[in-house]
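Input: a single structure, listed below in structure tokens.
Given the structure is predicted, the values throughout are model-derived calculations rather than measurements.
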Amino acid sequence: MDNKSNFIYNIINQDLNFKKYTIIHTRFPPEPNGYLHIGHVKSIYLNFNIAKYYHGKCNLRFDDTNPDKESKEYVEAIKSDIQWLGFMWNGEVCYVSDYFEQLYNYAVELIQKGLAYVDELSIYAIREYRGTLKKSGQNSPYRSRSIKDNLFFFSKMRNGEFPEGSVCLRAKINMSDSSMIMRDPVLYRIKYTTHHRVGKSWCIYPTYDFSHCISDAIEGITHSLCTLEFQENRRLYNWILKNISITKHPIQYEFSRLNIKYIITSKRKLNLLVVNNIVDGWDDPRMPTISGLRRRGYTARSICEFCKRIGISRQDSYIELSELESCIRDDLNKHSLRLMAIINPIMVKIINLPTGYIEKIPMPNHPNDCSMGIRYVFFTQEIFIDRFDLDQYCKNSRFPKLTIGREIRLRHAYVIKVDHFKKDTEGNIISVHCYYDPTTLNRKPIDGRKIQGVIHWVSATKNISAEFRLYDKLFIHPTPDIVINILNIVNPRSLVISHGFVELNPIFSNNPGPYQFEREGYFILDYQYSKPTYLVFNRTVTLKKSNKSIRFIKPQ
Ligand code: ATP
Ligand code: MG
């Protein structure tokens with residue numbers, strides 16, 4: 001079992017040793033106000049794996065207490081993303097909205113105990129009265145209302161007799177507590193929005209702090225795991241459970257959020273990118289959402305491996321994006337078929353081959369795993385190679401490039417030698433004319449001469465047209481989550497589209513990939529844009545951690 005040495009497993013081991021619990025019960029509590037992102041996976045991986053490891057249970061509970069921003073679409077997307085990651089929740093899906101009646105009754109109980117009151121201060125006044133970290137708060141003039149009046153006003157709130165924002169229910173704790181959270185927090189507010197599950201049956205909605213601890217207790221959660229920003233809320237969590245007549249009292253533990261450089265992990269901000277059409281929906285391959293990563297070609301296995309590698313702690317930090325990329329590279333290196341594709345095509349004509357020449361050359365599908373079999377690739381008189389394999393277009397490369405008189409090997413095929421280039425009137429190369437050495441099919445030249453360099457290629461007549469979508473970071477800022485307007489830091493080159501060719505291979509009709517296109521990276525067919533006669537590929541990741549953008553500089 002992965003990751004089991006982290007501090008949360010240690011706590012659970014101790015609890016089990018002391019026979020505090022017989023069964024371990026966790027939960028994953030997303031708010032259905034957007035799609036899940038890579039940050040959520042850290043929590044999913046922790047909660048579901050704890051349940052698996054201890055033969056316990058993990059609930060999926062939707063925190064659906066804010067109907068303005070929530071929808072069924074998000075509920076369904078979240079469920080399917082969790083399953084795609086390979087996890088399954090215990091029993092039926094839970095919803096906080098299933099507990100609205102119970103929550104209401106617990107709120108009434110607090111009022112009856114003199115521990116909650118209906119406040120008529122506006123939201124702004126409440127903020128004002130709350131004070132600051134240095135200055136203690138002030139009691140609301142409505143704080144001393146009688147229990148009877150509070151019960152009466154709270155039932156009026158429920159019955160829709162107050163306008164939105166005019167009153168709320170607050171806990172009566174301590175307006176001069178050192179923690180702002182304990183200064184009479186709001187427990188219920190009025191909202192007339194239709195809820196995606198309960199429709200118009202409620203017009204008062206519990207806050208996160210009030211509903212979360214009680215939902216945990218109702219479900220019998222033993223360890224309520226959340227991120228560090230809720231550390232202070234733990235006191236309120238315990239205060240509420242202590243003051244209502246509920247028998248279970250789960251314990252909240254916090255761990256650090258996942259932050260990755262150049263990536264945003266906030267549903268609200270990701271939604272901004274969607275509504276402003278910066279991206280092509282929540283599943284745009286540049287999005288750090290589960291659905292975006294999936295469309296990009298990330299496997300569930302690689303995302304889980306990433307969570308395993310980063311571990312769980314209470315230390316806040318930023319993870320390098322390259323760590324995520326190295327997980328998908330390692331995975332695809334093992335499991336993906338090798339094929340050839342030309343992203344920036346330039347024609348090569350082989351002078352000493354007859355017109356219409358076709359040869360089928362066998363090639364391994366994986367260099368180290370012969371169980372992946374072989375395929376046949378068409379070798380013809382005219383082929384495409386990549387423009388950037390010409391010396392003219394890539395002067396900075398460390399690798400030998402094609403130039404007049406130099407020999408180079410075509411991958412798994414023959415050695416060719418450039419005789420001349422055909423150029424247009426402006427001096428741009430439009431085709432390369434070569435001789436090939438027929439004795440060099442997948443073997444060294446007989447005379448022992450050295451050939452430096454291997455390039456990939458695709459037949460110019462037996463191929464499939466394809467579009468390649470090459471992705472880069474979505475933001476130019478390393479910590480976009482602290483930038484006020486993220487729309488100002490979008491990388492204008494986060495998507496570069498190139499047109500080219502892939503080898504003629506029937507596999508594309510029944511397997512979307514990801515594939516390794518030799519020397520180019522890992523690619524997956526895009527399910528939305530791809531057609532049988534025009535394939536569209538998303539580049540999942542480049543082959544090596546390198547700045548490949550040099551390949552996209554337009555030739556002068
Ligand atoms: P967002 O700002 O994206 O809406 P959130 O925390 O408000 O994030 P929820 O849907 O309420 O989103 O989160 C569900 C669970 O996922 C919570 O337990 C939360 O702590 C956890 N979670 C969310 N973001 C991260 C993250 N970046 N790293 C680790 N856990 C996270
Ligand atoms: Mg939230």
Asp526: which of Arg539, Arg295, Arg469, Arg296 passes salt bridge (Lys or Arg N to Asp or Glu O under 4.0 Å):
Arg295
Test side chain to side chain donor-acceptor pair (under 3.5 Å) applied to His456 and Arg519, Arg338, Glu518, the passing residue
Arg519
Looking at Thr194 and Pro67, what are the two nearest heavy atoms and their distance?
O-CB, 4.0 Å
Any donor-acceptor pair under 3.5 Å linking the side chain of Asn491 with the backbone of Leu474?
no
Interatomic spacing from CD1 in Ile12 to CZ in Phe7 - rounded to 0.5 Å
10.0 Å
Using atom types as modelled and distance alone, determine if a side-chain donor or acceptor of Ser211 lies under 3.5 Å from a backbone N or O of Thr207.
yes
Taking the side chain from Arg314 and the backbone from Ser256, do they hold a donor-acceptor pair closer than 3.5 Å?
no
If only atom types and distance count, is the side chain of Asn47 paired as donor or acceptor with the main-chain N or O of Ser43 below 3.5 Å?
yes
Any idea which heavy atoms bring Val96 and Asp63 closest together, and the distance?
CG2-CA, 3.7 Å
Is a donor on one side and an acceptor on the other found under 3.5 Å between the side chain of Arg189 and the backbone of Glu164?
no
Which word best sums up how the rings of His223 and Tyr253 line up, parallel for under 30°, tilted for 30 to 60°, or perpendicular for over 60°?
parallel
Glu101 atom CD: more than 12 heavy-atom contacts under 6.0 Å:
yes
Assess whether a salt bridge exists between Asp216 and Arg61, defined as any Lys/Arg side-chain N lying under 4.0 Å from an Asp/Glu carboxylate O.
yes
With no hydrogens and no angle check, is any side-chain donor or acceptor of Arg309 less than 3.5 Å from a backbone partner on Leu324?
no
Over all heavy atoms of both residues, which pair between Ile78 and Gly34 is shortest? Give the atoms and the distance, please.
CD1-O, 3.6 Å
Report yes if some heavy atom in the side chain of Trp239 is under 4.5 Å from a heavy atom in the side chain of Met182; otherwise report no.
yes
Determine whether Tyr237 and Asp209 make a side-chain contact, defined as any pair of heavy atoms from C-beta on separated by less than 4.5 Å.
no
Is there a donor-acceptor pair under 3.5 Å between the side chain of Glu254 and the backbone N or O of Cys226?
no
Specify whether Phe468 and Phe523 have parallel, tilted or perpendicular ring planes, treating 30° as the upper limit for parallel and 60° as the lower limit for perpendicular.
perpendicular
Indicate yes or no for a side-chain donor-acceptor contact from Tyr529 to the backbone of Leu525 under 3.5 Å, with no hydrogens or angles considered.
no
Would you say the side-chain atoms of Thr479 pair up with the backbone N or O of Ile482, donor to acceptor, closer than 3.5 Å?
no
Donor-acceptor side-chain pairing of Ser494 and Asp472 below 3.5 angstrom
no
Contacts table for residues 271-278: side-chain donor-acceptor under 3.5 angstrom, sequence neighbours left out:
from, atom 1, to, atom 2, distance (Å)
Asn276, ND2, Leu272, O, 2.8

Separation of Glu467 CD from Ser498 OG (nearest 0.5 Å):
9.0 Å
Member of Lys267, Arg268, Lys69 meeting the side chain to side chain donor-acceptor pair (under 3.5 Å) criterion with Asn33
Lys267
Got Asn13 and Tyr54 here, is their nearest side-chain heavy-atom distance under 4.5 Å?
yes
Pairwise side-chain contact, Leu121 with Glu128, heavy-atom cut-off 4.5 Å (strictly under):
no
Within a strict 4.5 Å, meaning less than it, do heavy atoms of the Ile251 and Asp15 side chains meet?
no
Do the non-hydrogen side-chain atoms of Phe100 and Tyr95 ever get within less than 4.5 Å of each other?
no
Step-by-step side-chain hydrogen bond (donor to acceptor under 3.5 Å, both in side chains) determination, Tyr129 to Asp119:
CA-CA 12 Å; Tyr129 275 60; Asp119 196 355; over 6 Å; no
Is there a side-chain contact between Ile290 and Tyr35 (heavy atoms, below 4.5 Å)?
no
Tell me whether the rings of Tyr188 and Phe154 are parallel (<30°), tilted (30 to 60°) or perpendicular (>60°).
perpendicular
Parallel, tilted or perpendicular: which fits the ring planes of Phe48 and Phe28, with parallel below 30° and perpendicular above 60°?
tilted
Hey, does the Lys NZ or Arg CZ of Lys191 hover above the aromatic six-ring of Tyr205, less than 6.0 Å from the centre and inside 45° of the axis?
no
Heavy-atom pair with the smallest gap, counting every atom of Phe475 and Ile486:
CE2-O, 3.7 Å
Measure the spacing between NE2 of His249 and CD1 of Ile240 and express it to the nearest 0.5 Å.
10.0 Å
Any sub-3.5 Å donor-acceptor pair from Asp64's side-chain atoms to Ser97's backbone N or O?
yes
4.5 Å side-chain heavy-atom contact, Trp84 and Ile303
yes
How many angstroms lie between NE2 in His25 and NZ in Lys248, if you round to the nearest 0.5 Å?
9.5 Å
In Å, rounded to the nearest 0.5 Å, how long is the span from CG of Asp481 to OG1 of Thr265?
6.0 Å
